[in-house]
Amino acid sequence: MAATQCVAGLVVSLVAAVTTGSTYGDPSVEPAAVLRLVPSVTSQVVIVHAPIAATTFAMLETFEKVDGAWQRGFPAMVARIGTDGFSDHHRESVPSTPTGVFGFGDTMYGVQPDPGTRYPYHQLTEGDWWNGNPSSLGYNTFQHGTDPGGASEALWQISPAYDYLAFITYNIPAVPGAGSAIFLHVNGSGDTSGCVTLARPDLLRVLRWLDPAQTPRIVLGPDRELVEVAQRSN
């Protein structure tokens with residue numbers, strides 16, 4: 001009961017944060033400190049954070065650099081992350097969301113037709129896989145053809161979760177066993193195997209906003225480690 005009450009309290013605080021605009025569990029954490037550490041070529045940033053690492057609920061915020069100054073984008077959105085929360089040591093088949101600063105893959109994907117993204121978009125068809133086999137040469141990449149084996153995902157069969165998705169470039173170049181298929185996609189039934197998910201309307205707003213010309217980055221981690229995570233990724 002105590003654990004249930006703790007989770008319920010965290011959810012309430014995150015939802016309240018969306019409506020009040022105070023989205024950081026640790027008041028000493030300011031997004032400006034994180035934004036200063038992203039690559040200079042980046043002018044769009046998504047930050048996914050939570051007050052603690054051991055949670056499946058997080059907040060997703062968007063920022064864009066306009067005339068040299070960072071500005072908030074959309075209102076904060078409630079996101080879901082891995083069953084085991086954030087982790088600095090994500091591994092294949094462990095349901096945690098890796099911490100770090102990552103880019104987005106060159107192509108967005110989805111079971112449904114292109115919703116109007118600025119990225120090249122591939123509508124998934126039979127035979128489209130994400131390679132989750134650490135023993136294969138194409139580990140942690142999109143592949144079309146036969147099942148690569150291991151924990152590979154039949155992307156075209158996963159709906160509504162994969163109706164629309166962007167690949168988060170964790171474990172690129174791939175280290176065998178370090179994890180694969182970390183996506184930003186449609187929320188399903190709750191927590192995830194490591195991906196970041198949003199309600200469909202929120203996800204579509206973010207995917208349409210992301211612009212490859214602005215070299216966007218996504219920052220993942222608990223509030224008190226965000227600056228360290230950004231520093232570590234430089």
### Task
Grab the two heavy atoms, one from Asp106 and one from Pro120, that are nearest each other, plus how far apart they are.
O-CD, 3.4 Å
### Query
Is it the case that one hydrophobic cluster holds both Phe102 and Leu203, taking links as side-chain heavy atoms less than 4.5 Å apart, direct or via other members?
yes
### Task
With rounding to the nearest 0.5 Å, note down the distance linking CD1 in Ile81 to OG in Ser87.
10.5 Å
### Task
Grab the two heavy atoms, one from Gly149 and one from Ser152, that are nearest each other, plus how far apart they are.
O-OG, 2.6 Å
### Query
Do Tyr170 and Phe142 share a hydrophobic cluster, counting only Ile, Leu, Val, Met, Phe, Trp and Tyr and linking them when any side-chain heavy atoms are less than 4.5 Å apart?
no
### Task
Might you point out which heavy atoms bring Thr55 and Ala50 nearest each other, and give the distance in Å?
CG2-CB, 3.6 Å
### Message
Hydrophobic clustering (ILVMFWY, side-chain heavy atoms < 4.5 Å, transitive) - are Ile168 and Val186 grouped together?
### Response
yes
### Summary
Residues pairing under salt bridge (Lys or Arg N to Asp or Glu O under 4.0 Å) where one sits in residues 37-60, two or more places apart or in two chains, turn out to be none
### Query
Do Thr99 and Glu228 have side-chain heavy atoms sitting under 4.5 Å apart?
no
### Task
For His144 and Thr125, run side-chain contact (heavy atoms from CB on, under 4.5 Å): C-alpha distance rounded to whole Å, both residues' side-chain angles, the deciding distance at 0.1 Å, then the answer.
CA-CA 9 Å; His144 180 81; Thr125 62; 4.0 Å; yes
### Query
What's the shortest heavy-atom distance between Ala33 and Val227, and which atoms?
CB-CG2, 3.8 Å
### Query
Are Asp191 and Thr83 linked by a side-chain donor-acceptor pair shorter than 3.5 Å?
yes
### Task
Using atom types as modelled and distance alone, determine if a side-chain donor or acceptor of Asn133 lies under 3.5 Å from a backbone N or O of Pro148.
yes
### Message
Quick check: closest heavy atoms across Asp128 and His122, and the distance to 0.1 Å?
### Response
OD2-NE2, 2.8 Å
#### Entry: Asn131 and Thr141: side chain donor to acceptor below 3.5 Å
no
### Query
Taking the side chain as C-beta and beyond, is there a heavy-atom pair between Pro113 and Tyr121 under 4.5 Å?
no
### Message
Between His90 and Ile182, is there a side-chain heavy-atom distance shorter than 4.5 Å?
### Response
yes
### Inter-residue atom distance Thr97.OG1 - Arg80.CZ, 0.5 Å rounding
10.5 Å
### Task
Could you grab the distance from atom CG of Leu226 to atom CD1 of Ile47, nearest 0.5 Å is fine?
6.5 Å
### Same apolar cluster: Leu220 and Val46, side chain cutoff 4.5 Å
yes
### Message
Can you tell me how far apart CZ (Arg118) and CG (Asp211) are? Round to the nearest 0.5 Å.
### Response
4.5 Å
### Query
Does one hydrophobic cluster hold both Phe183 and Trp209, with members joined at side-chain heavy-atom distances below 4.5 Å?
no
### Query
In terms of ring plane angle, is the pair Phe167 and Trp130 parallel, tilted or perpendicular, where the classes change at 30° and 60°?
tilted
### Message
Please enumerate all residues that pass ring pair (Phe, Tyr, Trp, His ring centres under 6.0 Å) together with Trp156, with sequence neighbours excluded.
### Response
Trp129
### Query
Between Tyr109 and Tyr162, does a side-chain contact (heavy atoms from CB on, under 4.5 Å) hold up when you go through it step by step?
CA-CA 8 Å; Tyr109 303 90; Tyr162 288 177; over 6 Å; no
### NZ or CZ of Arg200 within 45° of Tyr164 ring axis and under 6.0 Å
no
### Task
Indicate whether the side chain of Ser96 and that of Asp84 have a donor and an acceptor atom separated by less than 3.5 Å.
no
### Message
Is there a side-chain contact between Glu92 and Ser180 in this structure, where contact means two heavy atoms from C-beta onward sitting under 4.5 Å apart?
### Response
yes
### Side chains of Glu61 and His49 in contact at under 4.5 Å (non-hydrogen atoms)
yes
### Message
Taking the side chain as everything from C-beta on, heavy atoms only, tell me whether Pro173 gets closer than 4.5 Å to Tyr139.
### Response
no
### Message
Could you check whether any side-chain N or O of Asp88 sits under 3.5 Å from a backbone N or O of Pro98, counting only pairs where one atom can act as donor and the other as acceptor?
### Response
no
### Task
List the atom of Gly190, the atom of Thr197, and the distance in Å for their closest heavy-atom pair.
O-OG1, 4.3 Å
### Task
Test side-chain contact (heavy atoms from CB on, under 4.5 Å) on Ile172 and Asn140 and set out the steps.
CA-CA 8 Å; Ile172 295 293; Asn140 198 26; 3.7 Å; yes
#### Entry: Heavy-atom side-chain proximity of Pro75 to Arg205 below 4.5 angstrom
yes
### Task
Identify, with sequence neighbours excluded, every residue that meets ring pair (Phe, Tyr, Trp, His ring centres under 6.0 Å) alongside Phe86.
none
### Task
Output the distance between atom CD (Glu153) and atom OG (Ser193), rounded to the nearest 0.5 Å.
7.5 Å
### Query
Can Val34 and Val101 be said to form a side-chain contact (heavy atoms from CB on, under 4.5 Å), step by step?
CA-CA 10 Å; Val34 178; Val101 180; 6.0 Å; no
### Query
Is it true that atom CD of Glu126 has more than 12 heavy atoms of other residues, nucleotides or ligands lying nearer than 6.0 Å?
no
### Query
Do Ser233 and Arg217 have side-chain atoms, one donor and one acceptor, less than 3.5 Å apart?
no
### Note, Phe104 side chain near Tyr119 side chain (heavy atom, < 4.5 Å)
yes
#### Entry: Spacing of Thr215 atom OG1 and Leu210 atom CG [to the nearest 0.5 Å]
11.5 Å
